[in-house]
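Encoded as structure tokens, the structure appears first; notes follow it.
Order of the sequence lines sets the chain letters (A, B, ...), proteins ahead of strands, with each chain counted from 1. Please read all numbers here as calculations on a predicted model, not as lab measurements.
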Amino acid sequence: MEINSFKGSRILLVEDEESLAVGLEYNLTDEGYIVDWAKDGRAAIKKINSNEYDLILLDIMLPYLNGFEITEKVRLKSPQMPILILTARTSAEDKIKGLEYGADDYLTKPFHLKELLLRIKGMLKRKTWYNHSTGQQRKYFFGNNEVDFENFKCKSGTKTFLLTQREAMLLKYLLDNKGKIVTRKELLANVWQISGEVETRTVDIFISRLRKYFEPDPNKPVYIKSIRSSGYLLNDQNEIQ
Amino acid sequence: MFTVRKKNHSPIFLITVFVFAQLAWMGLLGLWIHWYVTNYLIFVKVGEKLAPQMVIDSPNVVIFVGGILLIVGIATIMSLIFRNLTVQMKLTRLYDNFIANITHELKSPLSSLQLYLDTFRTKEISYEKKQEFLKLMLKDAYRLNKLIDSILEISRLEQKRIAHDYHVHRADDIIRKIIDNSIERFRLPKSVVKITGKAEFDCLIDKEAIQIVFDNLTDNAIKYSSNSVEIEVNLSANPKNIIIEFSDIGIGIASRDQKKIFNKFQRLENRLMPSVKGTGLGLYRVRQIIKYHKGKISVFSEGENKGTSFRIELPVYKPTRKKYLESLSGRNKNKTVLADGN
């Protein structure tokens, strides 16, 4: 059996369905994670404000504050916090909304336990990736944009903002492969650590988020270009290192 | 899986289209009058030239009025079509919400069941944990069953195919018993529910159906209370009706929404209590059941955060009222029991 190198990571489980929460808590604890359970939106915010977590597993339909509102609040405080939305709401609109609010991943109920655990592990790989990336090159420049991968701080012209962990990972992967076409499947496998057969649209939503940050006109991208039926290409013509 | 997003026209767009359509018809009406008046003058002039012996005394009223009636008729038909379309759109929106809510309600227990089955398949679990998980699985299965039953019953209620099991009960005793059952079902402390008043008359009811009514009201009182739950039930009666007033101290209902709450698929968003789960069928089902008992239900709330009161009126049972009994049993050909249920 594979040893879980992320044992001891703290996960906040936000779920109001008692039956599901008990099962999730058992399985996550069994994997070696330390689990804290919040039954509603208010309790979740209270816990987030008073504790440190490595990942948040979040339902959408919650009493008092829904999952979208929680994501928004978390992003203001901690842009790098990995958030996995786990919900019975399956519509494309909800999924896009969740990812746009800043969630890193979205899994619909009912789900396979193995898939959920793999996704959680994939998200927790951030630390390894983070150490690896900062060990190589910390700051990247392209066009008018500046990205600091140590603290995810970015500058685009006069604008400054913070990237989420997943956005940073995606941008870093594109920068490491600049000038090459990167397929959606490749991005899912390397950035999301999940099989490429699963919803490649997630990648498109994150790419559109990056374009909003860095492109002068997100509808006519000059840096992150779409390559028809292939994937994406980060154009290095404007890059000034 | 992503689905294609439906194009929804906003009400403002539809109203604009309607206003423009009406303007078009009014323009057409004006043109018709203008054309008629102009041509009438030409007819008169040409008539005088060609056949001076013919005298046209008055304009042709039949053609003139007929044209106006035709145009007004078309405009009226258009208004009716527009009204029906608006109603249809509202229903479609409610139905879409219902599908989203019911999917959520079905998938929640289903995902819990799948999680436990996955856990049993992949992990070594202690006996105690197994028992705990099995208990939760049974609870989920019961929840699924209850939900499916409620959907099926709505359809049966609407098609008048439901088999009610009517019995004569002492109102005071049976209502208190039913409320006690609801307290037990929702695991509420007894002190939370206060029953006052008396209703010393007999009533003819289907105990199981009325249990559904009070379970729904109790469930709503719990779901829509932001702090503690407090329920007060007041029983009273007059020679015609048994009156049950069921009040909570929850978040209340805005007066504009009070009319809507018994509508089918209706879900109200409340900023004090967002994301409350439900299907939008509960109170609709409650109203249908009360209707079957020849009773009435109404709601009252002074507004947000001021609690909600439901008033249920059920007819007093009188053995001489044969017609009343027959009307109930006539709806209930499959199952008619009219014995004393106490």
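- A distance of 5.5 Å separates NE2 of B:His104 from OG1 of A:Thr87, quoted to the nearest 0.5 Å.
- Rounding to the nearest 0.5 Å gives a distance of 10.5 Å between CG of B:Leu138 and OG of A:Ser19.
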TODO: Would you check, one step at a time, whether the test side chain to side chain contact (heavy atoms under 4.5 Å, CB included) holds for A:Lys109 with B:Leu110?
DONE: CA-CA 8 Å; A:Lys109 295 172 186 173; B:Leu110 191 67; over 6 Å; no
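- Between chain A and the options B:Lys135, B:Gln114, B:Met137, B:Arg121, the largest number of non-hydrogen pairs under 4.5 Å is found for B:Gln114.
- Rounding to the nearest 0.5 angstrom, the gap separating the CG atom in A:Leu113 from the OG atom in B:Ser111 is 12.0 Å.
- The contact between B:Glu132 and chain A is made entirely by side chain atoms (from C-beta outward), counting heavy-atom distances below 4.5 Å.
- Crowding of A:Lys73 atom NZ: a count of heavy atoms from other residues, nucleotides or ligands under 6.0 Å not exceeding 12.
- Annotation for B:Lys190: atom NZ does not count as buried by contact number, only 12 or fewer foreign heavy atoms lying within 6.0 Å.
- More than 12 heavy atoms of other residues, nucleotides or ligands sit less than 6.0 Å from atom CZ of A:Phe161.
- Checked for salt-bridge contact, A:Glu31 and B:Lys123 meet the test: a charged N lies under 4.0 Å from a carboxylate O.
- Summarising the geometry, atom CG belonging to B:Asp140 is positioned 8.5 Å from atom CG belonging to A:Leu20; distances are rounded to the nearest 0.5 Å.
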- [ ] With side chain to side chain contact (heavy atoms under 4.5 Å, CB included) as the test, would you mind laying out the steps for B:Arg143 and A:Glu17 before giving the verdict?
- [x] CA-CA 12 Å; B:Arg143 190 174 149 191; A:Glu17 297 281 344; 2.5 Å; yes
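- With a 4.5 angstrom heavy-atom cutoff, B:Leu117 does not touch chain A via any of its atoms.
- Across A:Gly23, A:Gly67, A:Gly41, the residue that shares the most heavy-atom pairs under 4.5 angstrom with chain B is A:Gly23.
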- [ ] Would you sort out whether B:Asp118 and A:His112 count as a side chain to side chain contact (heavy atoms under 4.5 Å, CB included), showing the intermediate values?
- [x] CA-CA 7 Å; B:Asp118 262 354; A:His112 289 288; 4.0 Å; yes
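- Checking each of A:Val22, A:Leu24, A:Leu116 against B:Leu115 for a side-chain contact (heavy atoms from CB on, under 4.5 Å) leaves exactly one that passes, namely A:Leu24.
- For the atom pair OG1 (B:Thr103) and CZ (A:Arg89), the distance works out to 11.0 Å, reported to the nearest 0.5 Å.
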